[in-house]
Amino acid sequence: MGQIQASIQRVREKLAQLEEKYDRRPGSVRLLVVSKRRTVEEIRFATVAGVVDFGENYLQEAFGKCPFLEDLPLIWHFIGAIQSNKTRQIARHFSWAHSVDRLKIAERLDRECVGRPPLNVCLQVNISGEKSKSGIDPECLPELCAQVSSLPSLRLRGLMALPAPMQGFSAQCRSFMEARRLFEDLAPLSASRQFQHWDTLSMGTSNDLEAAVACGSTLVRIGTGIFGSRPV
Ligand SMILES: *Cc1c(COP(=O)(O)O)cnc(C)c1O
(Lines give C-alpha, C1' and ligand atoms only; values in the text may rest on other atoms or scores of the structure.)
Protein backbone atom coordinates (compact mmCIF):
# COMPACT_ATOMS: atom_id res chain seq x y z
CA MET A 1 0.00 0.00 0.00
CA GLY A 2 2.75 2.43 0.97
CA GLN A 3 4.32 1.76 -2.40
CA ILE A 4 1.22 2.55 -4.44
CA GLN A 5 0.67 5.73 -2.48
CA ALA A 6 4.28 6.72 -2.98
CA SER A 7 4.09 6.17 -6.73
CA ILE A 8 0.91 8.20 -6.96
CA GLN A 9 2.64 10.97 -5.08
CA ARG A 10 5.57 10.72 -7.49
CA VAL A 11 3.33 10.86 -10.56
CA ARG A 12 1.49 13.86 -9.13
CA GLU A 13 4.75 15.67 -8.47
CA LYS A 14 5.94 14.84 -11.95
CA LEU A 15 2.72 16.20 -13.43
CA ALA A 16 3.09 19.41 -11.44
CA GLN A 17 6.68 19.80 -12.66
CA LEU A 18 5.66 19.19 -16.25
CA GLU A 19 2.80 21.66 -16.02
CA GLU A 20 5.27 24.26 -14.92
CA LYS A 21 7.91 23.31 -17.48
CA TYR A 22 5.48 23.49 -20.40
CA ASP A 23 3.61 26.54 -19.23
CA ARG A 24 0.45 24.71 -18.42
CA ARG A 25 -1.94 25.97 -15.77
CA PRO A 26 -1.31 24.21 -12.43
CA GLY A 27 -3.79 21.37 -12.03
CA SER A 28 -4.86 21.45 -15.68
CA VAL A 29 -3.82 17.86 -16.36
CA ARG A 30 -6.14 15.33 -14.74
CA LEU A 31 -4.75 12.01 -13.54
CA LEU A 32 -6.70 8.93 -14.56
CA VAL A 33 -5.37 5.82 -12.86
CA VAL A 34 -5.63 2.80 -15.16
CA SER A 35 -6.58 -0.15 -12.97
CA LYS A 36 -6.92 -2.91 -15.55
CA ARG A 37 -5.61 -6.21 -14.22
CA ARG A 38 -5.27 -4.69 -10.77
CA THR A 39 -7.06 -6.01 -7.73
CA VAL A 40 -9.75 -4.39 -5.62
CA GLU A 41 -7.19 -4.08 -2.87
CA GLU A 42 -4.73 -2.22 -5.08
CA ILE A 43 -7.47 0.15 -6.20
CA ARG A 44 -8.37 0.82 -2.57
CA PHE A 45 -4.77 1.70 -1.81
CA ALA A 46 -4.86 4.20 -4.66
CA THR A 47 -8.03 5.77 -3.28
CA VAL A 48 -6.29 6.31 0.04
CA ALA A 49 -3.92 8.58 -1.88
CA GLY A 50 -6.98 10.55 -2.97
CA VAL A 51 -7.46 9.14 -6.48
CA VAL A 52 -11.07 9.14 -7.66
CA ASP A 53 -10.70 8.61 -11.42
CA PHE A 54 -10.11 5.02 -12.52
CA GLY A 55 -9.94 3.56 -16.00
CA GLU A 56 -10.85 0.02 -17.03
CA ASN A 57 -10.56 -1.67 -20.43
CA TYR A 58 -12.48 -4.88 -19.98
CA LEU A 59 -16.09 -4.93 -18.91
CA GLN A 60 -16.13 -8.36 -17.30
CA GLU A 61 -13.06 -7.55 -15.30
CA ALA A 62 -14.51 -4.24 -14.17
CA PHE A 63 -17.69 -5.96 -13.03
CA GLY A 64 -15.64 -8.26 -10.87
CA LYS A 65 -14.26 -5.26 -9.00
CA CYS A 66 -16.59 -2.25 -9.05
CA PRO A 67 -19.27 -3.80 -6.77
CA PHE A 68 -16.65 -4.15 -4.04
CA LEU A 69 -15.80 -0.47 -4.23
CA GLU A 70 -19.30 0.95 -4.18
CA ASP A 71 -18.74 2.49 -0.77
CA LEU A 72 -16.30 4.95 -2.38
CA PRO A 73 -17.23 7.94 -4.55
CA LEU A 74 -15.20 6.82 -7.55
CA ILE A 75 -15.50 7.96 -11.16
CA TRP A 76 -15.18 5.07 -13.59
CA HIS A 77 -13.86 5.63 -17.10
CA PHE A 78 -14.20 3.04 -19.83
CA ILE A 79 -11.06 3.17 -22.00
CA GLY A 80 -11.19 -0.13 -23.90
CA ALA A 81 -12.68 -1.04 -27.26
CA ILE A 82 -16.47 -0.78 -27.14
CA GLN A 83 -18.49 -3.62 -28.63
CA SER A 84 -22.03 -2.76 -29.55
CA ASN A 85 -23.52 -5.44 -27.31
CA LYS A 86 -21.78 -3.90 -24.31
CA THR A 87 -23.15 -0.39 -24.55
CA ARG A 88 -25.88 -0.94 -21.96
CA GLN A 89 -23.48 -1.98 -19.24
CA ILE A 90 -21.03 0.76 -20.10
CA ALA A 91 -23.75 3.40 -19.94
CA ARG A 92 -24.97 2.08 -16.58
CA HIS A 93 -21.71 1.60 -14.78
CA PHE A 94 -19.32 4.18 -16.16
CA SER A 95 -19.30 7.98 -16.06
CA TRP A 96 -17.00 8.30 -19.04
CA ALA A 97 -16.33 6.45 -22.29
CA HIS A 98 -13.05 7.51 -23.90
CA SER A 99 -13.05 5.18 -26.85
CA VAL A 100 -16.10 5.98 -28.94
CA ASP A 101 -15.19 5.84 -32.61
CA ARG A 102 -18.43 5.06 -34.46
CA LEU A 103 -21.82 6.70 -34.68
CA LYS A 104 -23.59 3.40 -34.08
CA ILE A 105 -21.89 2.99 -30.71
CA ALA A 106 -22.61 6.59 -29.75
CA GLU A 107 -26.28 6.20 -30.64
CA ARG A 108 -26.58 3.06 -28.57
CA LEU A 109 -24.89 4.66 -25.59
CA ASP A 110 -27.18 7.65 -25.95
CA ARG A 111 -30.28 5.47 -25.89
CA GLU A 112 -29.06 3.63 -22.82
CA CYS A 113 -28.53 6.91 -20.98
CA VAL A 114 -32.05 8.27 -21.35
CA GLY A 115 -33.30 9.12 -17.88
CA ARG A 116 -29.84 8.80 -16.39
CA PRO A 117 -27.03 11.30 -15.89
CA PRO A 118 -25.35 12.09 -19.22
CA LEU A 119 -22.38 9.96 -20.20
CA ASN A 120 -19.15 11.88 -20.80
CA VAL A 121 -17.72 10.86 -24.13
CA CYS A 122 -14.41 11.30 -25.93
CA LEU A 123 -13.98 10.32 -29.55
CA GLN A 124 -10.96 8.15 -30.11
CA VAL A 125 -8.97 9.37 -33.06
CA ASN A 126 -6.45 7.32 -34.98
CA ILE A 127 -3.46 9.58 -35.30
CA SER A 128 -0.68 7.09 -35.67
CA GLY A 129 -1.87 6.27 -39.16
CA GLU A 130 -1.70 2.58 -38.37
CA LYS A 131 -4.28 0.54 -40.24
CA SER A 132 -4.88 -1.96 -37.45
CA LYS A 133 -5.47 0.47 -34.62
CA SER A 134 -8.88 1.48 -33.46
CA GLY A 135 -10.01 5.08 -33.60
CA ILE A 136 -11.66 7.17 -36.24
CA ASP A 137 -9.81 8.49 -39.25
CA PRO A 138 -9.11 12.23 -38.73
CA GLU A 139 -10.85 13.03 -42.00
CA CYS A 140 -14.12 11.64 -40.69
CA LEU A 141 -13.84 13.32 -37.30
CA PRO A 142 -15.73 16.60 -37.93
CA GLU A 143 -18.78 14.75 -39.15
CA LEU A 144 -18.78 12.28 -36.26
CA CYS A 145 -18.34 15.17 -33.81
CA ALA A 146 -21.33 16.99 -35.20
CA GLN A 147 -23.43 13.84 -35.03
CA VAL A 148 -22.39 12.86 -31.51
CA SER A 149 -22.81 16.38 -30.17
CA SER A 150 -26.45 16.28 -31.16
CA LEU A 151 -27.18 13.16 -29.09
CA PRO A 152 -29.04 14.49 -26.04
CA SER A 153 -27.88 12.01 -23.41
CA LEU A 154 -24.19 12.17 -24.22
CA ARG A 155 -21.86 14.95 -23.19
CA LEU A 156 -19.16 15.26 -25.81
CA ARG A 157 -15.99 16.19 -23.92
CA GLY A 158 -13.23 15.92 -26.51
CA LEU A 159 -10.78 13.53 -28.07
CA MET A 160 -8.80 10.51 -26.97
CA ALA A 161 -5.56 9.39 -28.59
CA LEU A 162 -3.51 6.26 -28.05
CA PRO A 163 -0.64 6.42 -30.53
CA ALA A 164 1.44 3.35 -31.25
CA PRO A 165 4.21 3.14 -28.64
CA MET A 166 7.21 5.18 -29.76
CA GLN A 167 10.54 5.95 -28.22
CA GLY A 168 11.79 9.48 -27.99
CA PHE A 169 10.19 12.76 -27.06
CA SER A 170 10.06 14.24 -30.54
CA ALA A 171 8.52 11.18 -32.19
CA GLN A 172 5.89 11.07 -29.44
CA CYS A 173 5.21 14.78 -29.86
CA ARG A 174 4.56 14.39 -33.57
CA SER A 175 1.53 12.19 -32.90
CA PHE A 176 0.31 14.19 -29.96
CA MET A 177 0.57 17.48 -31.84
CA GLU A 178 -1.63 16.02 -34.51
CA ALA A 179 -4.25 15.16 -31.89
CA ARG A 180 -3.98 18.61 -30.41
CA ARG A 181 -4.45 20.25 -33.76
CA LEU A 182 -7.60 18.21 -34.36
CA PHE A 183 -8.83 19.07 -30.87
CA GLU A 184 -8.29 22.78 -31.42
CA ASP A 185 -9.68 22.80 -34.93
CA LEU A 186 -12.93 21.47 -33.54
CA ALA A 187 -13.02 23.83 -30.58
CA PRO A 188 -14.69 26.75 -32.43
CA LEU A 189 -17.77 24.58 -32.60
CA SER A 190 -17.89 24.90 -28.84
CA ALA A 191 -19.61 28.23 -29.29
CA SER A 192 -22.68 26.16 -30.03
CA ARG A 193 -24.65 24.88 -27.09
CA GLN A 194 -24.31 21.23 -27.93
CA PHE A 195 -20.58 21.62 -27.89
CA GLN A 196 -20.20 23.53 -24.67
CA HIS A 197 -18.41 20.75 -22.78
CA TRP A 198 -15.51 20.38 -25.22
CA ASP A 199 -12.64 20.48 -22.72
CA THR A 200 -10.81 17.14 -22.72
CA LEU A 201 -7.82 15.93 -24.66
CA SER A 202 -7.24 12.45 -23.24
CA MET A 203 -3.71 11.41 -24.17
CA GLY A 204 -0.52 10.23 -22.52
CA THR A 205 0.37 6.99 -20.71
CA SER A 206 3.29 6.03 -18.47
CA ASN A 207 5.61 5.84 -21.44
CA ASP A 208 4.88 9.20 -23.04
CA LEU A 209 3.61 11.33 -20.19
CA GLU A 210 6.00 14.23 -20.74
CA ALA A 211 5.32 14.55 -24.46
CA ALA A 212 1.58 14.43 -23.79
CA VAL A 213 1.70 17.27 -21.25
CA ALA A 214 4.01 19.27 -23.53
CA CYS A 215 1.46 18.88 -26.35
CA GLY A 216 -1.60 19.94 -24.41
CA SER A 217 -3.08 16.81 -22.85
CA THR A 218 -5.73 17.56 -20.22
CA LEU A 219 -6.01 13.98 -18.96
CA VAL A 220 -3.29 11.35 -18.74
CA ARG A 221 -4.01 7.65 -18.30
CA ILE A 222 -1.39 6.03 -16.10
CA GLY A 223 -1.20 2.35 -15.17
CA THR A 224 2.25 0.83 -14.95
CA GLY A 225 3.77 4.13 -13.81
CA ILE A 226 1.77 3.68 -10.61
CA PHE A 227 1.30 -0.04 -10.06
CA GLY A 228 4.38 -1.41 -11.81
CA SER A 229 4.22 -3.80 -14.76
CA ARG A 230 0.94 -5.63 -15.19
CA PRO A 231 0.59 -9.29 -14.27
CA VAL A 232 0.04 -11.45 -17.36
C1 LIG B 1 -3.43 0.24 -20.48
C2 LIG B 1 -3.82 1.57 -20.99
C3 LIG B 1 -3.25 2.75 -20.50
C4 LIG B 1 -2.16 2.75 -19.44
O5 LIG B 1 -0.94 2.39 -19.96
P6 LIG B 1 0.35 2.30 -18.98
O7 LIG B 1 1.46 2.09 -19.93
O8 LIG B 1 0.11 1.17 -18.08
O9 LIG B 1 0.45 3.58 -18.27
C10 LIG B 1 -3.71 3.94 -20.99
N11 LIG B 1 -4.67 4.01 -21.93
C12 LIG B 1 -5.25 2.91 -22.44
C13 LIG B 1 -6.30 3.04 -23.47
C14 LIG B 1 -4.83 1.65 -21.99
O15 LIG B 1 -5.41 0.57 -22.50
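Just so it is clear, the structure is predicted and the values come from calculations on it, not from any experiment. One-based numbering, in listed order, for ligands and for the atoms of each.
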Any carboxylate oxygen within less than 4.0 angstrom of a Lys/Arg side-chain nitrogen, looking at E184 and R180?
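Yes, this pair counts.
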
Need the ligand 1 atom indices (1-based, order shown) with element for anything under 4.0 Å from a heavy-atom of [X].
| X | value |
| --- | --- |
| G223 | 4 (C), 6 (P), 8 (O), 9 (O) |
| T205 | 5 (O), 9 (O), 10 (C) |
| T224 | 6 (P), 7 (O), 8 (O), 9 (O) |
| L162 | 13 (C) |
| I222 | 9 (O) |

Tell me, which protein residue and heavy-atom name are nearest [atom], and how many Å apart are they?
| atom | result |
| --- | --- |
| atom 2 (C) of ligand 1 | K36 NZ, 2.6 Å |
| atom 11 (N) of ligand 1 | R221 NE, 2.9 Å |
| atom 9 (O) of ligand 1 | S206 OG, 2.4 Å |

So, Q89 versus K86: side-chain donor-acceptor pair below 3.5 Å or not?
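Checked: Q89/K86 side chains show no N/O donor-acceptor pair below 3.5 Å.
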
Say whether E42 and T39, considering side chains only, have a donor N or O and an acceptor N or O under 3.5 Å apart.
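Yes.
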
Is the count of non-hydrogen atoms from other residues, nucleotides or ligands lying under 6.0 Å from R30 atom CZ greater than 12?
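Counting neighbours around CZ of R30, more than 12 heavy atoms of other residues, nucleotides or ligands fall under 6.0 Å, so yes.
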
Heavy-atom count check: over 12 atoms from other residues, nucleotides or ligands less than 6.0 Å from F68 CZ?
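Incorrect, the count does not exceed 12.
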
Starting from the C-alpha separation in whole Å, work towards a yes-or-no answer on side-chain contact (heavy atoms from CB on, under 4.5 Å) for I43 and E56.
CA-CA 11 Å; I43 296 172; E56 289 281 339; 4.2 Å; yes

When you measure from the heavy atoms of I79 to every atom of ligand 1, does any distance fall below 4.0 Å?
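Yes; I79 lies near enough to ligand 1 that a heavy-atom distance drops under 4.0 Å.
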
Could you check whether any heavy atom of H98 sits closer than 4.0 Å to an atom of ligand 1, since that is the contact criterion I want to use?
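The answer is no, since H98 has no heavy atom less than 4.0 Å from ligand 1.
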
Taking distance alone, with N or O pairs closer than 3.5 Å, would you say N57 contacts ligand 1?
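There is such a contact, yes.
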
Just say parallel, tilted or perpendicular for the rings of F183 and W198, cut-offs at 30° and 60°.
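Because their plane-to-plane angle is under 30°, the rings of F183 and W198 count as parallel.
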
Counting distance only, does the side-chain N/O of R230 pair as donor-acceptor with the main-chain N or O of K36 below 3.5 Å?
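No, R230 side chain to K36 backbone: no donor-acceptor pair under 3.5 Å.
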
